[in-house]
Amino acid sequence: MATFKEFRNNVKPNWCPGCGDFSVQAAIQRAAANVGLEPEGLAVISGIGCSGRISGYVNAYGLHGIHGRALPIAQGVKLANRELTVIASGGDGDGFAIGMGHTVHAIRRNIDLTYIVMDNQIYGLTKGQTSPRSAEGFKTKSTPEGSIESTLSPLEIAMSAGATFIAQSFSSDLKQLTALIEAGLNHKGFSLINVFSPCVTFNKVNTYDWFKENIVNLEQFPDYDPSNRIAAMNKIMETNGMLTGLIYQNKQRQAYESMISGFKPEGLANQELSLSQDQFDKLLTEFK
Ligand SMILES: Cc1ncc(C[n+]2csc(CCOP(=O)(O)OP(=O)(O)O)c2C)c(N)n1
Ligand code: SF4
């Protein structure tokens, strides 16, 4: 069985020292080992952004895709080879701005993959513009007088889009983050894991200390039941989306690919793709 070190490669991340994304990288590597994966059984597909670089920093199959398009690619990978465990990842801009249409439909489609968003509440790679996750009044180069748009709540959107797994964590809490990624990898369906991952260079408001002061850990509520959809929505709203832990899980709904008629469990590479003479003749008669 592979250890977490086998999910490391020799590429040195060029994230700024202190960037929250380092811990997300470590948590992915630990979780992959803990659930018994091998590097050749994992694909990490990312969008564009500082966070999007993560696909190059894990020893696994990887693709550093297009801004906002990690999910279409990841879904294609999973459908083409369901033997692979697929992680999609990117920033809050990637997933909740340009890629939001894909995010909503991937959630409701429920293909078995784990989507990890590194939510630093700003655009990092392009040097600090307001993202849909930025608070009202947030001042950046793109909003010098403060943002006048309301903040988007990805957890509420995911709940209403029919998500079967929603979790949130903080990059400083490596233990919780690793456990939640493991749970996401084990979930049979689409898992959204939103991670507060501070941008130490451009976001001087939502700092490590700010998150520590504002996060509400679900551990504080021992009676909380993540299978209760209404309770989950209430808790998200009560805490203004700042809660961490496993927020909601529906184990009843089957993953999309399990319901496609005629869909084979083997990856395309392992399937017999040529038609028998009989199948070929039948196909021809359909078009006569
Ligand atoms: C189609 C397209 N539009 C815009 C960009 C420019 N761009 C690159 S990354 C990015 C946003 C980065 O923010 P986020 O996705 O939150 O990731 P972070 O860098 O903060 O990790 C933008 C707007 C692009 N590369 N492609
Ligand atoms: S700019 Fe921000 S998000 Fe990008 S690597 Fe630096 S700290 Fe991380």
Side-chain angles (χ1 to χ4, degrees), residues 9 11-29 44-58 62-74 87-107 114-136 138-144 147 149-155 157-158 168-174 177 181 192-212 241:
N9 59 20
V11 184
K12 193 172 172 287
N14 65 350
W15 291 316
C16 310
C19 176
D21 297 355
F22 282 103
S23 305
V24 180
Q25 176 201 16
I28 289 176
Q29 290 161 333
V44 181
I45 313 295
S46 61
I48 296 290
C50 296
S51 44
R53 296 186 189 130
I54 203 159
S55 55
Y57 304 153
V58 177
L63 195 138
H64 192 176
I66 314 167
H67 190 41
R69 305 291 181 262
L71 284 172
I73 300 166
I87 291 177
S89 59
D92 47 308
D94 203 72
F96 304 143
I98 188 170
M100 192 52 171
H102 294 299
T103 302
V104 167
H105 292 288
I107 288 170
T114 303
Y115 184 34
I116 301 171
V117 181
M118 283 154 265
D119 180 0
N120 53 20
Q121 321 211 331
I122 200 164
Y123 290 176
L125 186 74
T126 46
K127 299 188 182 292
Q129 297 82 10
T130 293
S131 98
R133 291 285 298 131
S134 307
E136 277 184 68
F138 190 68
K139 284 190 180 161
T140 65
K141 288 166 205 158
S142 61
T143 52
S147 170
E149 293 175 281
S150 68
T151 312
L152 187 132
S153 168
L155 305 181
I157 290 174
Q168 187 158 260
S169 192
F170 177 32
S171 59
S172 270
D173 191 345
L174 191 59
L177 178 57
I181 296 176
L192 171 68
I193 304 175
N194 192 56
V195 187
F196 298 130
S197 182
C199 170
V200 292
T201 303
F202 294 110
N203 191 336
K204 304 293 185 191
V205 177
N206 308 109
T207 58
Y208 284 95
D209 285 343
W210 184 89
F211 281 111
K212 273 179 204 149

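Please read these numbers as outputs of a predicted model, since none were measured by experiment. Read the numbers this way: they start at 1 and go in the same order the structure lists the ligands and their atoms. These numbers come from the heavy atoms of this one structure, side chains and all, not from hydrogens, waters or symmetry mates. The residues of the chain are indexed from 1 along the displayed sequence.
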Without hydrogens or angle criteria, can the side chains of [X] and [Y] be said to hold a donor-acceptor pair below 3.5 Å?
X    : Y    : result
T140 : T130 : yes
S131 : D92  : yes
D94  : Y123 : no
N194 : D119 : yes
S23  : S171 : no
D21  : S51  : no

| Option with minimal heavy-atom separation from atom 3 (N) of ligand 1, where the choices are K127, M118, H67 |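 Closest candidate by heavy-atom distance is H67.
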Can you list the atoms of ligand 1 that are under 4.0 Å from a heavy atom of [X]?
X    : answer
D92  : 16 (O)
C50  : 18 (P), 19 (O), 21 (O)
G49  : 9 (S), 17 (O), 19 (O)
L125 : 9 (S), 19 (O)
G124 : 13 (O), 18 (P), 19 (O), 20 (O)

Top protein contact for [atom], by heavy-atom distance:
atom                    : answer
atom 8 (Fe) of ligand 2 : C19 SG, 2.4 Å
atom 5 (S) of ligand 2  : C16 N, 3.4 Å
atom 3 (S) of ligand 2  : N120 ND2, 3.5 Å
atom 16 (O) of ligand 1 : G93 N, 2.8 Å
atom 15 (O) of ligand 1 : D94 N, 2.8 Å
atom 7 (S) of ligand 2  : V200 N, 3.4 Å

| If every non-hydrogen atom of R133 is compared with every non-hydrogen atom of Q121, which pair is closest and at what distance? |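 Reported closest heavy-atom pair: NH2-NE2, 3.1 Å.
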| field | Minimum-distance pair of heavy atoms, taken over all atoms of L125 and R53 | value |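 Closest approach of L125 to R53, heavy atoms only: CD1-NH2, 3.2 Å.
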| query | Heavy-atom contact under 4.0 Å between I122 and ligand 1? | reply | yes
| If you draw a 6.0 Å radius around CD in E149, do more than 12 non-hydrogen atoms from other residues or ligands fall strictly inside? | no
| said: Suppose I only count heavy atoms of F202 and a 4.0 Å limit; which atoms of ligand 2 are within that range? | reply: 1 (S)
| message | Distance under 4.0 Å to a non-hydrogen atom of T201: what atoms of ligand 2 satisfy this? | response | 6 (Fe), 7 (S)
Decide whether an N or O pair under 3.5 Å exists between [X] and ligand 1.
X    : answer
S51  : yes
T126 : no
Y123 : no
I98  : no
G52  : no

| message | Any N/O/S atom from C199 (main chain or side chain) under 2.8 Å of atom 2 (Fe) of ligand 2? | response | yes
| message | With a 6.0 Å cut-off on the ring centroids, do F196 and F170 count as close? | response |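 So the answer is no for these two rings.
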| request: For atom 4 (Fe) of ligand 2, decide whether C50 has an N, O or S atom at a distance under 2.8 Å. | output: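 Yes, C50 qualifies, because one of its backbone or side-chain N, O or S atoms lies under 2.8 Å.
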